[in-house]
Engineer: 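Submitted below is the structure of interest, expressed as structure tokens.
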Amino acid sequence: MVSTRLTARKNITLTPDTPVTYIKGVGPKRAAVLAKVGIASLQDLLYHFPRRYLDRSTITAIAHLKIGQEATVVGKIISQNLVRRYRRQFFQVVIDDGSGALNAVWFNGINYIRNAFEIGETVAMSGKVEFYNGLRFIHPDYDKFETEEWELTLHTARIIALYPSTAELKEVGLDSRGFRRLLRPVFEKFKPCFDEILPREILAELKLLPINTALLQIHFPDNADDLAAAQIRFKFEELFFLQLLLAVRRAGIKAVQKPLRYSTAGTLLKQIYKKLPFELTNAQKKVIHEIWDDLQSPNVMNRLLQGDVGSGKTVVALLCASIAIGNGFQAAVMAPTEILAEQHYRVLRQLGEVAGIKVRLLIGGQKKRERQEILAEIEGGQAELVVGTHALIQENVNFKNLALVIIDEQHRFGVVQRSALIEKGYYPDVLVMTATPIPRTLSLTLYGDMDISVLNEMPAGKGRIITRAVTADQIGTVYDYIAGQLQEGNQAYVVYPLIEKSAKSDLQAAIQGYEYLSTKVFQQFKLALLHGGMSTAEKETVMQNFIQGTVNLLVSTTVIEVGVDNQNATIMLVENAERFGLTQIHQLRGRIGRGRRNGVCILVERKVTELGHQRIATILSTIDGFEISEADLKLRGPGEFYGTKQHGYLKMKIADPLIDIEILKSARERAFSLLKNDPHLRRPENQPIRAHLMQQYANQIDFSNIL
Ligand code: ADP
Ligand code: MG
């Protein structure tokens, strides 16, 4: 272990691991609340970074406030009252900063707020300036100060840190001021003496602040420059260790030597290629070459293939699978849902048959005898290309010689597949395909342990997709238009949102929508309903009927989201479009205009909000998936974008991979080169790094077979 420690002057030694209870002011009660937000040790406390800062330059004098402006003022509380007017009551606090007075008003949480302030106290309040019986803020954010603390700030360039807090923390006095009160003596009495965890050369080369200076400056900055330097240091530190984790993971995967080796590209590839009804795009050719290089390498492939909906990933998958099969091996394609597995199966079987490839489907709901036969063929090696869901690796399925696994739509699937495969004793090459165009900055963090290929070119000769937004009052016109289109023999989708939180009521919406549309709006047409609650057989029948054209209009939840291919479907109506993510709508509309004709996508906004409107405007403005995902990411943040559960390590304390792009790149470069020079982190000078990495990410990764 490294002996990073904080040494007190009077013989008291605090290490980063010292429990917070050793700090003056932290009793069992506070310790319990701190533990809830993940602060147990001194290191946790010092790495509880401020959320923002206040200084003279960010404060507005009350006399200079403009109505409508977002502003922060600092003053003393001069009065506070519970006010009853008609039937309403509210709590009003008046603060005065010497230039004028302002009312702060709370309609909610009165019981809490009435005990929050004392007359004469110095507080900062932030909010939108309104005018109603004088200047006022409604429900402002507030922070308290020691009067001296504030006076110093007023008269010097001093900057005050404001900390993230929770209602529970505030209840035990740990608001921003509470944190400053705890931390100040830590820095004043026990001059912090943490061991440096970043390599010296990197510190010198990038002129990063040493750890102890940076810790002090991030909490009690001397001035704006020192604060900025401290922030850069910790952003770099955070991103460096994340990238190092990814580098270690990547090295761990790459270290595996393939048990099955390729001798030739095989003749199957050529046979299929020659019979394709179209010419491959240059992007498809380039990607196939990249994958072929990986297949020939003695080290296992771990590659992500990104390509917008319709960019032609399926044929790339098939051509790569045909290389494996041509070498006498088996390949598997896994899809996130049974519907998609079935569709992949249909397409792959059709394309693969020309080269005599034996394609098999394995999903739940197959008859027992049929299943037994398929399992036997998989075990015997006669099944050359096996398509299915994750059941392919979870259940009692044994492959004879599985060399290549292709996973469609990784972000639904999770990253666990590889370990599941390894547990079964397989070390196949893995290709993950996704239609979600992931902005580069994010892919460096999310998929930083993979090699990445991009299909950045759409096949020519495809129809365009035209997107329009309507509000609820225009729905009649829209229904008329759709009826006209159905009359002409076109097919349509009507999609209802399905959001995990309230899956039941959402399902209800689709069912009710179906009933309404089939009895009241489109009586003369054949409608069908598709949702996740149906059995595989039911879904299959519905999809078949829709693809064969006996169903004119398909009412559905988002189960049709990815990959469904019915070239005759040219219209899509998205209900409650404001409830979908941008990327999701983009993928939905990729279902139409798959043939040569144009597709029309109509977004119905039922509940108009500003954010919802902004998002829909983005969808209307472009059909470039990358642009949309960037916008989605900015509007929703990375957590929402991918679902936080799966990507827990993205929860960063200080760095923002979307903003701190330059720091991210530099951290990545250094982390990867460090590991290249010392693949197992065994050099003495790298011991602090090794220890810190293992401590930080102990629950993220099993280091045992890597470091
Ligand atoms: P996705 O990347 O969304 O999975 P698909 O693989 O389903 O896209 O391809 C979409 C459609 O485009 C399919 O009908 C496929 O046959 C067709 N396609 C694929 N590549 C080409 C190409 N190079 N030229 C023309 N059409 C193509
Ligand atoms: Mg696809």
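If you read the sequence from its start, that first residue is 1, and numbering goes on from there. Whatever order the structure lists them in is the order used to number ligands and atoms, beginning at 1. Every value quoted in this text rests on a predicted model; they were computed, and no experiment measured them.
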Engineer: Once side-chain hydrogen bond (donor to acceptor under 3.5 Å, both in side chains) is applied, what residue pairs with a partner in residues 315-326 remain, sequence neighbours excluded?
Structural biologist: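 Residue pairs with at least one partner in residues 315-326: there are none.
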Engineer: With backbone taken as N, CA, C and O and side chain as the heavy atoms from C-beta onward, which portion of Asp308 lies under 4.0 Å from ligand 1: side chain, backbone, both, or neither?
Structural biologist: backbone
Engineer: Just let me know how Met433 lines up against ligand 1, side chain, backbone, both or neither, with a heavy-atom cut-off below 4.0 Å.
Structural biologist: neither
Engineer: As a test of understanding, state which of Thr281, Ile291, Ile406 forms a side chain to side chain contact (heavy atoms under 4.5 Å, CB included) with Val316.
Structural biologist: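 Per the side chain to side chain contact (heavy atoms under 4.5 Å, CB included) rule, the option paired with Val316 is Ile291, out of Thr281, Ile291, Ile406.
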Engineer: Just which atoms of ligand 1 are under 4.0 Å from any heavy atom in Pro459?
Structural biologist: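 Close to Pro459: 20 (N), 21 (C), 22 (C), 24 (N), 25 (C), 26 (N), 27 (C).
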Engineer: If you measure only the distance, is there a donor-acceptor pair under 3.5 Å linking the side chains of Asn490 and Arg597?
Structural biologist: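 Yes, side-chain donor-acceptor contact under 3.5 Å.
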Engineer: Pull out every atom of ligand 1 sitting under 4.0 Å from any heavy atom of Gln284, numbered as shown with elements.
Structural biologist: 19 (C), 20 (N), 22 (C), 23 (N)
Engineer: Report, in ascending order of atom number, the atoms of ligand 1 lying under 4.0 Å from any heavy atom of Glu279.
Structural biologist: 22 (C), 23 (N), 24 (N)
Engineer: How about Tyr514 and Tyr496: are their ring centres within less than 6.0 Å of each other?
Structural biologist: no
Engineer: Quick check on contacts: which atoms of ligand 1 are under 4.0 angstrom from a heavy atom of Thr314?
Structural biologist: 4 (O), 5 (P), 6 (O), 7 (O)
Engineer: Answer side chain, backbone, both or neither: which part of Leu280 comes under 4.0 Å from ligand 1, heavy atoms only.
Structural biologist: backbone
Engineer: Should Gly310 be listed as contacting ligand 1, given a heavy-atom distance under 4.0 Å as the test?
Structural biologist: yes
Engineer: Provide the full list of side-chain hydrogen bond (donor to acceptor under 3.5 Å, both in side chains) pairs with a residue in residues 309-318, sequence neighbours left out, each pair given once.
Structural biologist: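 Applying side-chain hydrogen bond (donor to acceptor under 3.5 Å, both in side chains) to every pair that reaches into residues 309-318, excluding sequence neighbours, yields nothing.
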Engineer: I'd like to check which ligand 1 atoms, numbered from 1 as shown, lie under 4.0 Å from a non-hydrogen atom of Thr281.
Structural biologist: 23 (N)
Engineer: Could you walk me through whether Arg360 and Glu377 pass the salt bridge (charged side-chain N to carboxylate O under 4.0 Å, His left out) check?
Structural biologist: CA-CA 9 Å; Arg360 290 292 177 267; Glu377 286 184 325; 2.6 Å; yes
Engineer: Out of Gly312, Ser311, Gly307, whose heavy atom is nearest to atom 9 (O) of ligand 1?
Structural biologist: Gly312
Engineer: Testing the 3.5 Å rule here: is there a donor-acceptor pair between the side chains of Thr389 and Glu338?
Structural biologist: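 Short answer, no.
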Engineer: Looking at Asp449 and Lys254, is any side-chain nitrogen of the basic one under 4.0 Å from a carboxylate oxygen of the acidic one?
Structural biologist: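 Salt bridge absent between Lys254 and Asp449.
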Engineer: Considering only heavy atoms of Gln567, which atoms of ligand 1 have at least one such atom less than 4.0 Å away?
Structural biologist: 14 (O)
